[in-house]
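Structure first, then comments.
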Amino acid sequence: MKREFATTLLLSTLLSFLVPELITVCEAVWLTIPKTGTKCVSEEIQSKVVVLADYLVISDEHSIFPTVTSPYGSVLHHSENATHGQFAFTTQESGTYLACFEAVGNSHGNKDISINLDWKTGIAAKDWDSIARKEKIEGVELELRKLEGAVEAIHENLLYLRNREAEMRIVSEKTNSRVAWYSIMSLGICIVVSGLQILYLKQYFERKKLI
């Protein structure tokens, strides 16, 4: 029993220190929207990642128009005159996902609107209590499952970063190649123009019988 408790404590400690340092999976933010305006939050997420978010307007007298869009502009969630709500989806492409909250009309008077947004991605979006009940696991086995999920998420993020690095390297190499060709062309044009100027001046001086 003591050994199981020590193992559970060790795994919990690893989860509490390892996961937050290596991968950002959960973010709770407070937003203040002007009486007529829009406030947006964004996050760069890779494909095939579960996203779950809850939003709540602090005052029941206020309402908002939330809209969530994908990197290519597809609307993933939209609601009107909402005071609270939730949206969940699985990303289909990598890129920046945008959640905007708009205050429209005079439903909130002249005061700003405060919103609490609880944004979760990846492993943080999983309902571990439901998983534990469904698979009948608890204690050390549940902590191991959480740690396994965290390691998989970290591995996927590292692969994503490596692919992004490769893409940026290709873009950088293409840019350097184009700059090199542009420099060569500019140098060639300068040489041709200089030659034509010399030829013109020579002919001009010969006509004037100066040489």
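Nearest approach of T96 to S42, heavy atoms of both residues: CG2-CB, 3.6 Å. Across every non-hydrogen atom of S63 and I113, the tightest pair is O-CD1, 3.8 Å. Shortest non-hydrogen contact noted between H77 and Q86 is CE1-O, 3.9 Å.
Hydrophobic clustering, with ILVMFWY side chains joined whenever heavy atoms are under 4.5 angstrom apart, keeps L161 apart from L159. Hydrophobic clustering places L117 together with V68 (ILVMFWY residues linked when any side-chain heavy atoms are closer than 4.5 Å, directly or through intermediates). Cluster annotation: I115 is not connected to L52 through the hydrophobic network of ILVMFWY side chains, with a link wherever side-chain heavy atoms come within less than 4.5 Å. Cluster membership check: L76 shares its hydrophobic cluster with I45, using side-chain heavy-atom separations under 4.5 Å among Ile, Leu, Val, Met, Phe, Trp and Tyr. When hydrophobic clusters are built by joining Ile, Leu, Val, Met, Phe, Trp and Tyr residues whose side-chain heavy atoms come closer than 4.5 Å, directly or via intermediates, V41 is not grouped with L56.
Of the possible polar contacts, one joining the S194 side chain to the C190 backbone as a donor-acceptor pair under 3.5 Å is found. At least one donor-acceptor pair closer than 3.5 Å links the side chain of K39 to the backbone N or O of T32. With hydrogens and angles disregarded, a donor-acceptor distance shorter than 3.5 Å links the side chain of S183 to the backbone of V179. Of the possible donor and acceptor atoms, none in the side chain of T69 sits under 3.5 Å from a partner among the backbone N and O of G73. Without hydrogens or angle criteria, T91 side chain to Q46 main chain gives a donor-acceptor distance under 3.5 Å. Side chain of S94 to main chain of S47: a donor-acceptor pair is present (N/O by atom type, distance under 3.5 Å, no hydrogens or angles). Using modelled atom types, one side-chain atom of T175 and one backbone atom of V171 make a donor-acceptor pair closer than 3.5 Å.
Interatomic distance, M168 CE to N163 CG, rounded to the nearest 0.5 Å: 13.5 Å. E44 CD to R164 CZ: the interatomic distance, rounded to the nearest 0.5 Å, is 4.5 Å. Note that OG of S79 and CZ of F65 are 8.5 Å apart. Values are rounded to the nearest 0.5 Å. For the atom pair OH of Y200 and CG of L196, the computed distance is 12.5 Å after rounding to the nearest 0.5 Å. Within the model, atoms OG of S70 and CD of E93 stand 4.5 Å from one another, a figure rounded to the nearest 0.5 Å.
Donor-acceptor pairing under 3.5 Å is lacking for the side chains of Y160 and E165. Residues Y182 and R178 bring no donor and acceptor atom of their side chains to less than 3.5 Å of each other.
Within a 6.0 Å radius of NE2 in H155, no more than 12 heavy atoms belonging to other residues, nucleotides or ligands are found.
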The test is side chain to side chain contact (heavy atoms under 4.5 Å, CB included); show your working for E43 and Y97 and say whether it passes.
CA-CA 6 Å; E43 183 176 355; Y97 287 79; 5.8 Å; no

Start with the C-alpha gap between T90 and V49, add the side-chain angles, then the distance that decides, and say whether side chain to side chain contact (heavy atoms under 4.5 Å, CB included) holds.
CA-CA 5 Å; T90 300; V49 173; over 6 Å; no

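No option in I33, I64, T38 other than T38 meets the side-chain contact (heavy atoms from CB on, under 4.5 Å) test with E102.
Classified by interplanar angle (parallel below 30°, tilted 30° to 60°, perpendicular above 60°), the ring pair F87/W119 is perpendicular.
Taking the ring-ring contact (aromatic ring centres under 6.0 Å, His included) definition, one finds that F101 meets it with Y55, sequence neighbours left out.
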